[in-house]
Trainee: 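First, the structure itself, so that you have it in front of you.
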Amino acid sequence: MPELPEVETVRRGLTNLVKNAVINSVEVRYLKMVSPESPLFEQALQGKTIERIDRRGKYLLFRFNDHLTMVSHLRMEGKYDVQPEGSVVTKHTHVIFHLSDGRELRYTDTRKFGRMRLINTGDESVIPGLKAMGPEPTEKTLKLDYMKKIFRKSHRTIKPFLLDQSKIAGLGNIYVDETLWLSQINPLQQTDELPDEKIADLRDAIIDEIGIAIKGHGTTVHSFSTAFGEAGNFQNHLHVYGKQGEPCERCGTTIEKIKVAQRGTHFCPHCQPIIGDK
DNA sequence: TCCGTATCCTGAACGC
DNA sequence: TGCGTTCAGGATACGG
């Protein structure tokens with residue numbers, strides 16, 4: 001499941017492979033995946049050059065000439081890869097971009113959750129998720145004062161709060177569980193009852209963890225691989241995600257898995273206590 | 001306005 | 001062995 005580090009890895013790989021490639025034609029095989037509706041989507045991209053690929057949170061932004069941008073979200077299992085024309089197309093390939101050099105940029109997505117939307121470059125705010133996107137989790141962009149402010153203002157359970165892209169960009173289920181374990185915060189913790197020093201610990205953990213994951217080309221949980229010959233190896237660093245029933249690395253207590261806000265949540269009941277009255 | 005929940009979608013894992 | 005059920009989850013629409 002691609003989170004920010006995986007999407008960044010995909011962005012870099014795709015940039016190497018298809019920057020300056022020209023699109024001859026587009027084939028949409030699953031109509032709900034794109035907007036505007038077919039055939040407008042295909043027609044708009046015909047003859048366009050991929051000038052650059054940007055990223056914001058978990059969104060990929062393909063920048064074409066003529067002020068055209070394709071906003072692409074991989075959701076759970078979306079993947080891009082580049083294949084020679086005529087090679088076997090799998091049943092989960094839903095969009096094919098035929099390039100002028102004889103290659104094909106293909107989008108494959110088992111669960112069909114991914115979406116692509118064409119907009120005018122500069123109109124990113126028409127995508128609600130992009131408009132409300134919180135700061136990127138880096139030392140420069142995720143300020144401690146901002147973190148304190150949003151934590152104080154909200155009275156929410158921390159797990160869904162951190163998954164909310166409008167608060168901090170790019171965190172998904174794996175990294176939220178991992179960073180909460182690292183900073184020893186319970187996933188059921190109320191945001192407004194978390195002390196300042198724990199907010200600082202959490203900020204450090206988020207920035208470190210995302211940074212390490214980007215260097216390691218992302219996680220490889222379930223289906224994720226970069227499709228560019230570099231499988232993610234961050235899974236080797238996971239401490240709690242998927243470790244239910246195993247001893248906590250820090251204290252030996254058995255890691256538990258519970259549901260929080262519909263999401264599978266892994267934590268150590270001993271070294272991640274709830275702070276406050278709850 | 002804020003927050004929680006159902007929904008989309010398919011394959012793997014599980015239970016009988 | 002084979003069938004039916006449950007689970008996984010990011011963003012979003014919707015309701016309280």
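Predicted, not measured: the structure shown is a model, and the values here were computed from it. Below, chains carry the letters A, B, ... as their sequence lines are ordered, and counting in each starts from 1.
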Trainee: Looking only at side-chain atoms of A/M76, point me to the closest of B/dT10, C/dG9, B/dC9.
Mentor: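 Selected nucleotide (nearest to the side chain): C/dG9.
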
Trainee: Answer yes when A/R75 and A/D109 have at least one side-chain N-carboxylate O distance shorter than 4.0 Å, and no when they do not.
Mentor: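 No salt bridge links A/R75 with A/D109.
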
Trainee: Reading DNA chain B from 5' onward, which residue's closest nucleotide shows up sooner: A/Q262 or A/K167?
Mentor: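 It is A/K167 whose nearest nucleotide is closer to the 5' end.
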
Trainee: May I have the distance from A/R263 (atom CZ) to B/dT5 (atom P), rounded to whole angstrom?
Mentor: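 In whole Å, B/dT5 P lies 12 Å from A/R263 CZ.
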
Trainee: Please pick, from B/dT10, B/dC8, B/dA6, the nucleotide with the shortest atom-to-atom distance to any side-chain atom of A/H92.
Mentor: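 Nearest nucleotide to the side chain: B/dT10.
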
Trainee: Quick check: on DNA chain B, is the nucleotide nearest A/K112 upstream (toward 5') of the one nearest A/T157, or the reverse? Name the residue that is more 5'.
Mentor: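 Its nearest nucleotide being more 5', the pick is A/T157.
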
Trainee: Please tell me which of A/K257 and A/I127 maps to the more 5' nucleotide of DNA chain C, matching each residue to the nucleotide holding its nearest heavy atom.
Mentor: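 The answer here is A/K257.
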
Trainee: Are C/dA11 and A/F113 stacked, with the base six-membered ring and the side-chain ring centres under 5.5 Å apart and planes under 30°?
Mentor: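 No, A/F113 does not stack on the base of C/dA11.
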
Trainee: Below 4.0 angstrom, N of the basic side chain to O of the carboxylate: do A/D177 and A/R263 qualify?
Mentor: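 Answer for the salt bridge query: no.
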
Trainee: Can you measure A/I258 atom CD1 to C/dC7 atom P for me and round it to whole angstrom units?
Mentor: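 Spelled out: CD1 on A/I258 to P on C/dC7 is 15 Å.
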
Trainee: Under 4.0 Å, counting only non-hydrogen atoms across every strand here, what does A/F161 touch: a base, just sugar-phosphate, or nothing?
Mentor: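 Contact class for A/F161: none.
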
Trainee: Round to the nearest Å and state the distance from A/L130 atom CG to C/dT12 atom P.
Mentor: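 Between P of C/dT12 and CG of A/L130: 8 Å.
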
Trainee: Looking at A/K91, I'd like to know whether one of its side-chain N or O atoms comes within less than 4.0 Å of OP1 or OP2 on B/dG11.
Mentor: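 Yes, because at least one side-chain N or O of A/K91 sits under 4.0 Å from OP1 or OP2 of B/dG11.
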
Trainee: Identify whether any heavy atom of A/R156 sits under 4.0 Å from a base atom; if not, whether one sits that close to sugar-phosphate; answer base, sugar-phosphate or nothing.
Mentor: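 Sugar-phosphate: the residue A/R156, judged by heavy atoms under 4.0 Å, touches backbone atoms but no base.
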
Trainee: Taking atom types as modelled and ignoring hydrogens, do the side chains of A/Y107 and A/S72 form a donor-acceptor contact shorter than 3.5 angstrom?
Mentor: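 Note: A/Y107 and A/S72 side chains miss the donor-acceptor criterion.
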
Trainee: Going by the side chain to side chain donor-acceptor pair (under 3.5 Å) test, name the single residue among A/R106, A/H98, A/H94 that passes it with A/E27.
Mentor: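 Among the candidates, only A/H98 passes.
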
Trainee: OP1 or OP2 of C/dG10 versus the side-chain N and O atoms of A/H73: is any pair under 4.0 Å?
Mentor: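 For C/dG10, OP1/OP2 do not have a side-chain N/O of A/H73 under 4.0 Å.
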
Trainee: Expressed in angstrom and rounded to an integer, what is the separation of A/L163 atom CG from C/dT12 atom P?
Mentor: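 One finds 14 Å between P of C/dT12 and CG of A/L163, rounded.
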
Trainee: Please state whether the phosphate of C/dA11, meaning OP1 or OP2, lies under 4.0 angstrom from any side-chain nitrogen or oxygen of A/Q165.
Mentor: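 The answer is yes; a side-chain N or O of A/Q165 sits under 4.0 Å from OP1 or OP2.
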
Trainee: As a test of reading the structure: which of B/dC9, B/dC3, C/dG10 is closest to the side chain of A/R111, going by heavy atoms?
Mentor: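 Out of B/dC9, B/dC3, C/dG10, the nucleotide with an atom closest to A/R111's side chain is B/dC9.
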
Trainee: What is the separation between atom CE on A/M33 and atom P on B/dC8, rounded to the nearest whole Å?
Mentor: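 Result: 15 Å.
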
Trainee: Side chain of A/Q272, backbone of A/I185: donor and acceptor closer than 3.5 Å?
Mentor: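 Side chain of A/Q272 to backbone of A/I185: a pair is present.
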
Trainee: Nearest-Å distance, CD1 (A/I150) to P (B/dC3)?
Mentor: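 For the pair A/I150 CD1 and B/dC3 P, the rounded distance is 11 Å.
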
Trainee: It should be established whether A/K259 places a side-chain nitrogen or oxygen under 4.0 Å from OP1 or OP2 of nucleotide C/dC7.
Mentor: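 Answer is no, no contact under 4.0 Å.
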
Trainee: Would you indicate which nucleotide in B/dG11, C/dT12, C/dA8 comes nearest to any side-chain atom of A/Y59?
Mentor: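 Shortest atom-to-atom distance from the side chain points to C/dT12.
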
Trainee: Quickly work out the A/I158 CD1 to B/dC3 P distance and round it to whole Å.
Mentor: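 It is 13 Å, rounded to the nearest whole Å.
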
Trainee: So, does the side chain of A/R115 form a donor-acceptor pair with the base of C/dG10 at under 3.5 Å?
Mentor: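 Per atom types, no contact qualifies.
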
Trainee: To the nearest Å, give me how far apart CG (A/L60) and C1' (C/dG10) are.
Mentor: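 These atoms are roughly 14 Å apart.
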
Trainee: Given C/dG9, is OP1 or OP2 found less than 4.0 Å from the side-chain N or O atoms of A/Y241?
Mentor: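 For A/Y241, the contact criterion (side-chain N or O under 4.0 Å from OP1 or OP2 of C/dG9) is met.
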
Trainee: Considering only C/dG9, C/dA11, B/dC9, which nucleotide approaches the side chain of A/N173 most closely?
Mentor: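 Among C/dG9, C/dA11, B/dC9, the one nearest the side chain of A/N173 is C/dG9.
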
Trainee: Verify whether the ring centers belonging to A/F267 and A/Y241 lie closer than 6.0 Å.
Mentor: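 A/F267 vs A/Y241: aromatic centres not under 6.0 Å.
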
Trainee: Is the shortest side-chain N/O distance from A/S154 to OP1 or OP2 of B/dC2 below 4.0 Å?
Mentor: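 So the side chain of A/S154 is outside the cut-off, no N or O lying under 4.0 Å from OP1 or OP2 of B/dC2.
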
